[in-house]
Amino acid sequence: MSETPLPQQGPRLREALRGIPAYKPGKPAQGADGAPAYKLSSNENPYPPLPGVLDAAVTAADSFNRYPDMGCGALIAELAEHFGVPEAHIATGTGSVGVAQSLIQATAGPGDEVVYAWRSFEAYPIITQISGATSVRVPLTDGDVHDLDAMLAAVTERTRLIFVCNPNNPTGTAVRRAELERFLDAVPGDVLIVLDEAYREFVRDADVPDGIELYRDRPNVCVLRTFSKAYGLAGLRVGFAIAHEPVAAALRQTAVPFGVSQIAQDAAVASLRAEDELLVRVAGLVEERGRVAGALAAQGWTVPDSQANFVWLRLGERTMDFAAACEAAGVVVRPFAGEGVRVTIGETQANDLFLQAAELFRKQV
Ligand SMILES: *Cc1c(COP(=O)(O)O)cnc(C)c1O
């Protein structure tokens with residue numbers, strides 16, 4: 001009996017997955033020869049958990065043989081009260097990236113378009129491509145700010161979702177109320193506009209609007225928030241959306257069942273209840289942001305106004321050299337080759353090391 005071997009063929013994977021850019025996590029900090037090293041590459045919070053949060057998490061860990069509350073009931077009730085929105089308008093997920101992915105799944109597929117600024121959050125192209133939809137990238141202005149007029153012009157009848165990252169990762173720049181309202185009101189009502197406000201707590205410019213005010217009378221606006229940045233729960237993976245009922249309901253339909261652990265849910269509730277301490281910490285980081293930006297400007301750098309917990313330096317071809325120089329000085333930053341470097345505001349000591357490295361680099365070139 002002669003057997004013709006089948007051609008070597010694995011499972012057939014979707015064409016859409018070909019060439020998806022890999023998400024680049026911020027490099028971990030690794031000090032050489034016992035030197036201190038600081039990770040300023042992922043916009044994390046440098047502080048330990050807020051009071052009560054670790055206890056809540058440890059208590060929840062007692063029962064991790066059980067599935068978590070699938071509806072995240074206690075967390076959603078706490079969020080509803082905190083933000084003054086109906087519980088039915090809130091949907092949670094495994095980080096706000098998880099929620100963003102659900103939003104795309106709920107709105108877009110092959111043949112549809114997802115519009116976002118570029119450069120912006122690197123998850124957008126990845127989750128768009130996974131869905132099979134097409135990315136439409138609209139370049140930032142020369143000042144590294146969202147170009148809302150160009151984004152509006154990029155809307156076609158195929159557009160299903162638009163991300164507005166405010167403040168923008170990685171540039172820290174923010175769009176103001178008047179221009180954003182004009183944009184929201186000009187986009188067709190059947191296109192979902194996602195205001196990604198991962199850094200909202202760090203905004204100090206009163207002209208930068210709170211998305212939660214903008215969504216209230218706009219059924220096609222959805223606000224994304226996260227516990228990963230200001231709240232310091234990046235490792236627990238919990239974020240949420242605030243949107244009108246059809247959108248929030250669609251998010252519940254597309255969410256991974258039991259995606260948010262009980263540890264994350266209880267820690268998030270405790271974090272919301274520790275808001276006073278949170279605000280003190282955020283104020284400290286905002287002050288450091290001002291100090292770092294001021295020192296960089298004094299060194300001669302051009303620093304776009306940041307409303308987030310990081311600063312952006314457009315270094316072009318010198319980007320990777322600059323990142324290497326920082327690393328040698330004990331701080332790991334986040335380079336985007338050929339474009340620039342994003343530097344998280346961290347502990348004072350880390351910020352100082354970064355400023356020294358930046359000054360040295362400037363004198364050398
Ligand atoms: C960090 C970040 C998020 C949050 O991601 P999580 O999944 O909640 O950790 C979302 N959007 C932007 C723009 C971010 O920078």
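We count ligands from 1, going down the list as the structure has it; atoms in each ligand are counted the same way.
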Check whether the ring centres of Trp118 and Tyr116 lie less than 6.0 Å apart, and answer yes or no.
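Yes.
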Mark yes or no: Arg334 above the aromatic ring of Phe336, with NZ or CZ under 6.0 Å from the six-membered ring centre and no more than 45 degrees from the axis.
yes
Please output the side-chain donor-acceptor pairs of residues 80-89 that fall under 3.5 Å, not counting sequence neighbours, one pair per line with the distance.
unit_1: His82; atom_1: NE2; unit_2: Glu275; atom_2: OE2; d: 3.4
unit_1: His89; atom_1: ND1; unit_2: Tyr215; atom_2: OH; d: 2.7

Mind checking what residues have non-hydrogen atoms under 4.0 angstrom from ligand 1?
Gly95, Ser96, Val97, Phe121, Cys165, Asn169, Asp196, Ala198, Tyr199, Thr226, Ser228, Lys229, Arg237
Residues which pass side-chain contact (heavy atoms from CB on, under 4.5 Å) with Glu288, listed by chain and number, not counting sequence neighbours
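For Glu288 the side-chain contact (heavy atoms from CB on, under 4.5 Å) partners, ignoring immediate neighbours, are Arg291, Ile345, Thr348, Asn351.
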Listed by chain and number, what are the side-chain contact (heavy atoms from CB on, under 4.5 Å) partners of Ala357, not counting sequence neighbours?
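Ala357 satisfies side-chain contact (heavy atoms from CB on, under 4.5 Å) with Cys326, Ala329 once adjacent residues are dropped.
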Atom CD in Glu78, atom CD in Gln265: separation rounded to 0.5 Å?
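One gets 12.5 Å once the value is rounded to the nearest 0.5 Å.
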